[in-house]
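In what follows, a single structure is set out as structure tokens and then discussed.
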Amino acid sequence: LQAGQLYPVNWLFAVVPPVVAMNLVTILSYSLAATGTYALAREIGCNVFGAVIAALAFAFGGSMICRPQHTNILNSAAWMPVVLYWLVRFRHCPSWGVLAAGAVSIAIQFFAGHGQIWLYTLLVVLIYTASTAFGRQTQTAPGRYFFSVLLMVGLGIALAAVQLLPAMELVRQSTRATVDFGKVIHHSLPVEQLSMFLFPYLFGEPGAGAAYPYWGNSYFQELSGYVGIVPLMLACATVPWAARRRLLPFWILGGVGLLIAIRGFLPSKWLFHALPGFGAFPVMARGLLIVDLSLALLSGLALTYLAKLPRDTASRLLRRGCVIVLSVMVGIVAVLAMGGELLNRLYDGPAPAWTFDAARPGLWVPLVLALLSGAVLLVWVHWPSGSGSRSAVLAVLVVDLLYFGMLSAKGVWPILPPHKAEWMTALDRLAARDASPARMFHPHGNTVRVGNLPGAFGLASLGGYEGLLFTRYSKFMGD
């Protein structure tokens with residue numbers, strides 16, 4: 001399943017060298033995520049500028065840009081906005097063709113290789129359907145709308161059954177049949193780390209050799225939901241309109257994503273862990289993918305609505321959004337300035353001393369970007385149709401996401417040719433000791449940084465951990 005052998009994009013490995021194929025697959029996934037989000041934003045009513053901002057925020061936000069080494073997660077996540085696009089399209093223009101396109105998208109997303117993201121997408125489909133069934137833009141009766149969506153999902157599952165049914169059988173015989181609930185809690189987002197939406201490197205940077213190594217809960221890649229400061233300010237500006245029909249579904253989806261991801265809400269953890277299929281996946285912080293998509297779409301809708309409002313009203317609402325974000329950021333800095341006892345109590349040990357160093361880029365760069373973001377948005381709101389004001393907003397967001405992405409994906413992408421990659425050195429040493437073609441390389445730690453690529457060079461399993469380890473093998477290996 002996780003190899004994505006039935007995923008059409010992965011068939012590139014059959015026609016081009018593995019390194020080239022892996023890089024192409026990664027580029028195509030980001031392109032699909034951006035294109036799908038843009039189309040979805042336009043379908044829900046965003047103008048062109050709002051759709052562009054939404055596409056950038058989701059495709060290059062934390063849930064996506066931190067994933068180039070998790071190819072199957074990246075490939076699956078890129079299809080979430082595409083599936084939702086076809087659902088919204090069906091709501092506006094119901095037809096058998098749209099329904100079939102939605103079903104095919106659901107199946108292809110499953111073939112992309114990550115069942116957890118697929119399940120989260122189905123959850124998004126059901127929640128969006130329930131929250132929009134009685135809306136004015138729904139062109140069919142609520143009962144017929146529900147039935148049609150269930151038919152779309154059912155057809156998608158049927159198309160995916162060729163891989164879904166064997167995967168379900170294998171999971172029941174593997175160590176994933178039951179996941180320790182303690183792992184679910186460990187790989188969830190602590191409430192304190194919600195601050196990473198504003199200061200993405202408050203708890204350090206990912207990767208070996210980082211100047212400020214990550215010390216927070218779980219892994220940086222799992223807990224990063226940063227989408228840039230501009231989208232957050234715009235989303236906060238929509239709070240007074242949260243109950244509007246076009247906005248409410250995405251506020252609900254964002255809230256559900258947080259309930260899945262955050263550690264502190266144990267009732268929701270027990271609930272989602274008990275849902276069929278969800279219990280096989282311990283990393284529930286991946287619910288941040290839903291949060292990021294919701295924030296991206298809310299920011300696009302905010303730009304669209306603000307451009308239509310009287311200047312004074314739009315300026316007042318946008319100032320409120322900017323003040324909310326900046327106030328929270330100042331509060332976080334104040335906590336750090338007072339010694340950060342709260343952070344010192346986290347994870348059974350004191351925080352590294354550099355956490356409280358105001359001179360490190362992880363603190364002052366987000367503050368500078370926040371001031372720039374607020375400034376360009378307040379200029380834009382007075383000239384919403386001006387190309388200069390739009391370009392300024394776009395430039396600040398691009399710089400923000402570029403800074404974030406360069407640090408988050410450093411050393412992970414682009415994929416290097418084997419003779420330049422550090423994992424190949426470790427592989428050569430193992431091959432020298434064991435030339436058996438049936439060997440299985442099962443490393444732990446950071447020696448091998450790319451999970452899927454080495455499999456294309458003749459290894460049965462090489463991913464840092466075994467995604468589907470059979471129980472009998474686990475017992476043989478001593479668990």
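Here the structure is a predicted model, which is why all the values come from computation and not from measurement.
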Working note: Gln5 + Trp11, criterion side chain to side chain contact (heavy atoms under 4.5 Å, CB included); need CA distance, chi angles, decisive distance, verdict.
CA-CA 7 Å; Gln5 292 176 328; Trp11 298 344; over 6 Å; no
Using the side chain to side chain contact (heavy atoms under 4.5 Å, CB included) rule, take Arg360 and Leu202 through it: C-alpha gap first, then chi angles, then the decisive distance, then the call.
CA-CA 10 Å; Arg360 71 182 177 103; Leu202 181 64; 3.8 Å; yes
Just do the side chain to side chain contact (heavy atoms under 4.5 Å, CB included) check on Leu84 and Met80 with the steps written out, would you?
CA-CA 6 Å; Leu84 191 53; Met80 181 179 283; 5.7 Å; no
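- Taking each heavy atom of Thr238 and Ala235 in turn, the nearest pair found is OG1-O, 2.6 Å.
- The CZ atom of Phe60 lies 8.0 Å from the OH atom of Tyr30; values are rounded to the nearest 0.5 Å.
- Judged as a side chain to side chain contact (heavy atoms under 4.5 Å, CB included), and not counting sequence neighbours, the contacts of Leu119 are Phe278, Phe281.
- Between Phe250 and Tyr128, the ring planes are tilted. Angles from 30° to 60° get that label.
- Side-chain polar atoms of Asn72 and Tyr7 form no donor-acceptor pair below 3.5 angstrom.
- Under the side chain to side chain contact (heavy atoms under 4.5 Å, CB included) rule, Leu301 has a single partner from Asn47, Leu306, Ile44, Leu234, which is Ile44.
- Judged as a side chain to side chain donor-acceptor pair (under 3.5 Å), not a single pair has a partner in residues 362-377 (not counting sequence neighbours).
- Ion pairing between Glu222 and Arg67 holds under the 4.0 Å rule for side-chain N and carboxylate O.
- When the side chain to side chain contact (heavy atoms under 4.5 Å, CB included) test is applied to Leu194, the partners found at least two apart in sequence or on another chain are Leu189, Val191, Phe197, Leu258, Ile262.
- Taking the six-membered ring for Trp and thresholds of 30 and 60 degrees, Phe49 and Trp380 have ring planes inclined between 30 and 60 degrees apart.
- A tilted orientation is assigned to the rings of Trp215 and Phe203, their planes being inclined by 30° to 60°.
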